Number of protein chains: 2
Amino acid sequence: MSNQPKKNVSKKRITLIDVAKDAEVSRATASLVLRGSSLVSSATRDRVHASMKKLGYVYNRAAASLRAQSSHAIGLAVTDITNPFFAELVISIEARMDEKNYSVLMMNTSEDLDKQERFLQSMHGYQADGLLLCPAPGTSQDTIEQLKLWQLPCVLIARHVPDTDYDYVGADNIAGTTMAVEHLLSIGHQRIAFLGGSAQSSARQERLTGYKKTLQGNNIEFDPSLTVESPVSRDGGFAAVKELLQLSAPPTAAICYNDVVAFGAMLGLQSESRQPGVDFGIVGFDNIADAALVRPALSSISIPPAQIGEAAARLLLARIGDPAMPVQRIILQPELVIRNSCGFHR
Amino acid sequence: MSNQPKKNVSKKRITLIDVAKDAEVSRATASLVLRGSSLVSSATRDRVHASMKKLGYVYNRAAASLRAQSSHAIGLAVTDITNPFFAELVISIEARMDEKNYSVLMMNTSEDLDKQERFLQSMHGYQADGLLLCPAPGTSQDTIEQLKLWQLPCVLIARHVPDTDYDYVGADNIAGTTMAVEHLLSIGHQRIAFLGGSAQSSARQERLTGYKKTLQGNNIEFDPSLTVESPVSRDGGFAAVKELLQLSAPPTAAICYNDVVAFGAMLGLQSESRQPGVDFGIVGFDNIADAALVRPALSSISIPPAQIGEAAARLLLARIGDPAMPVQRIILQPELVIRNSCGFHR
DNA sequence: AATGTTTTTTAGATCGATCTAATTTTTAGA
DNA sequence: TCTAAAAATTAGATCGATCTAAAAAACATT
């Protein structure tokens, strides 16, 4: 019995060998066809393609990755996918990579440094061809430098890591808050707060720099009590604005770390019977789709995620193609979109 | 010159062989340690672990996948990650899978059947251990059945595929719209529309069924003109509600396919100088975080994405563990969260 | 000390594609 | 027709882990 050829072997996987046999070529030739090489004649190519279709061949990437030391996949880590800014970013990156036949392995780090570290390890293990990383605040230089040891190309998105020279794509945060402060000043606000975000985030540092500089440029002294940190969430914004309202001399307006925080701040104001856009000015950052929807509609500094994603994807592909290419930093210019949340009717 | 040992070989990858050599054991033993096998003595285990750390060993998953015909990765396809419902779903799935040391390969299909098909192929190519799939509307039976051929376990999320028997996790859509209709009737609405979504979506079909049944149960005739399709987006909802308002006998309330559509509908109403919650009732579906934030706050049928994700992940892991296990369908009960968008002050 | 068990370790084959370094075939040129 | 060059094809080694089946070591039992 047991000497009989096994009957219950449900079905072996179709491999290149099967295809090659069927098309009467060598494994090597079949492999060339697979990769669209111009070395192979069109007659053979067609024959192999026909066999592949006939047998239902499916490429085994694990085998290819092992041999070629490259997976045709890239890793993408964002800190918070529930933030529409990142959701849009992810979509644009995926679309672009898909076009180039790259797979995208995505992870949400939730700003957790350990999780991020595991992600990097895992990407090395998967032989990812490159990484798009929105680093969690507090990411160390060492963390990033190990990627060089692994020769794993990486483009940073939206946030820097101090003391590293990596490709980077982001928005001009300083210009963003500069515009926001100037607008708020122009409509009569004098005490303007900067609300939310984590102090370790480079994006926040830059936004804060623009804020401080512009205040100083307008002869307004920077008041540290008007700058509060918070988790990057609605709840964070909610709590932070309440804190501000407790001050003996509370602000009349706030520039928020981003729109999500701004939404929370608006709720916080309402819970204290203040009306954003009437007796308090709010400006967000990112200009996500919801900014136009909430009431009052949120004024926001627009940094189009699709463009950032697009640029980052393109840059990473270029970097993968030429690891020796000089480091690039692409800074996109933001725009201030004024809606109804800044108003200050004295 | 060229006979010299190559000096510029930057650094070979550290493999199990290196570790084994350093720890003075065989490759096989080192592999066992890697997988936490109980076959190996604790003394050897420690020695191997030490060598791994010392040499900076990183697991090569491609090699492991090839040999073991399993990648310890699962595929996750959702239709629209910019929808916070799916964003939350993704997070909960990722968290759970991460816990079990599975990687998640995510794709956004944008409801594109071709893209979805490529995703499935790609997952087979990557030797994914399983799939979590929110099928795009119009997904064919064949598409799904090929997964069986590939012996690729799959759990469907939130939407069915007709005539298939796959594991499934979703909400009781019929119960959801039943509650919504009953609530709207109870506060005096008589002409209630069903707004948005794609007719091919099983989720919509179920929601529509609940809607129709409940109307009939309350002796209200179903009026087909009150049911409109739309893309699942804000813009879709915006256009759809305007269409409804054009009717000679327009509705006084609408149950929306989901919250995103509902937000668009609210904007559409406002653009026609109607006030949702005052002269028109709106109910959404999903109860995403923004529902509480918009003004008026949106009443919505709550189906917690985290719970669905959690359940789906658990089910998939069980299925991977035991492919012969009977098919399971997990239906979670929704809740109606009443806020300020239904009101109808005659 | 001899034997049987259990625990621990291992050699060698293997997964399925790609790479290298040829070889074979075709085309071009004289 | 012959040779050189170009185009097309291929055999065999290889990537780095896991699996199988068996051997070696450690431990009991008589």
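Here is the naming used below: chain letters follow the sequence lines, and residue numbers restart at 1 for every chain. Note that the coordinates shown come from a computational prediction; the quantities given were computed from them, not determined experimentally.
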Can you figure out which of C:dT8, C:dT18, D:dT18 approaches the side chain of A:Ala64 most closely?
C:dT18
Examine the base of C:dG16 for any acceptor or donor lying under 3.5 Å from a partner atom in the side chain of B:Arg67, and report the outcome as yes or no.
no
C:dG29 pairs with, by Watson-Crick or G-U criteria that keep both distances under 3.5 Å:
D:dC2
Measure the distance from OH on A:Tyr57 to C1' on C:dG16 and round it to the nearest whole Å.
8 Å
Among C:dT9, C:dA17, D:dT18, the one nearest A:Asn60 by side-chain distance
C:dA17
Does a salt bridge link B:Arg13 with B:Asp18, judged by any charged N lying under 4.0 Å from a carboxylate O?
no
Check: A:Ser31/A:Arg35 side-chain N/O donor and acceptor closer than 3.5 Å:
yes
N or O in side chain of A:Ser31 less than 4.0 angstrom from C:dA17 OP1/OP2
no
Name the nucleic acid region contacted by A:Arg61, choosing base, sugar-phosphate or nothing; use a 4.0 angstrom heavy-atom cut-off, strictly under.
nothing
What is the distance, to the nearest angstrom, from the CD1 atom on A:Ile17 to the P atom on D:dG12?
13 Å
Specify the separation, in whole Å, of atom CG of A:Leu16 and atom P of D:dT14.
20 Å
Picking from D:dC15, C:dC19, D:dT9, the nucleotide nearest the side-chain atoms of A:Ala68 would be C:dC19
Nearest-neighbour nucleotide for the B:Ala63 side chain, D:dG16, D:dC19, C:dC19 considered
D:dG16
Side chains of B:Gln116 and B:Thr139, donor plus acceptor under 3.5 Å
yes
Going by atom types alone, do B:Asp112 and B:Ser110 pair a side-chain donor with an acceptor below 3.5 Å?
no
d(CG, A:Leu32; P, D:dA7) in whole Å
15 Å
Do B:Glu99 and B:Arg314 sit within salt-bridge range, that is, some charged N less than 4.0 Å from a carboxylate O?
no
Separation of D:dT9 atom P from A:Leu34 atom CG, nearest Å, is 15 Å
Looking only at the side chain of B:Arg27 (C-beta and beyond, no hydrogens), which of the listed nucleotides C:dT8, D:dT10, D:dT18 gets closest?
D:dT18
Looking across every strand, which nucleic acid part, if any, lies under 4.0 Å from A:Ser65 by heavy atom: base, sugar-phosphate, or nothing?
nothing
Nearest whole angstrom, please: distance from the P of D:dA21 to the CG of B:Leu39.
15 Å
Out of D:dT10, C:dG16, D:dC19, which nucleotide sits closest to the side chain of B:Gln69?
C:dG16
So which nucleotide from C:dT8, C:dA17, D:dC19 ends up closest to the side chain of A:Tyr59?
C:dA17
Rounded distance (Å) that lies between atom P of D:dT14 and atom CD of A:Gln127:
18 Å
Sugar-phosphate, base or nothing in reach of A:Thr15, heavy atoms under 4.0 Å:
sugar-phosphate
What's the closest nucleotide to the A:Ser26 side chain, out of D:dA11, D:dG16, D:dT18?
D:dA11
Across the strands shown, which category fits B:Ser41 at heavy-atom distances under 4.0 angstrom: base, sugar-phosphate, nothing?
sugar-phosphate
Quick one: is D:dA17 close enough that its OP1 or OP2 comes under 4.0 Å of any side-chain N or O from B:Arg35?
no
Salt bridge present between B:Lys54 and B:Asp22 (N-O < 4.0 angstrom):
yes
From the list D:dA17, D:dA8, C:dT10, which nucleotide is the closest neighbour of the side chain of A:Thr44?
D:dA8
Rounded to the nearest angstrom, tell me the gap between atom NZ in A:Lys21 and atom P in D:dT10.
14 Å
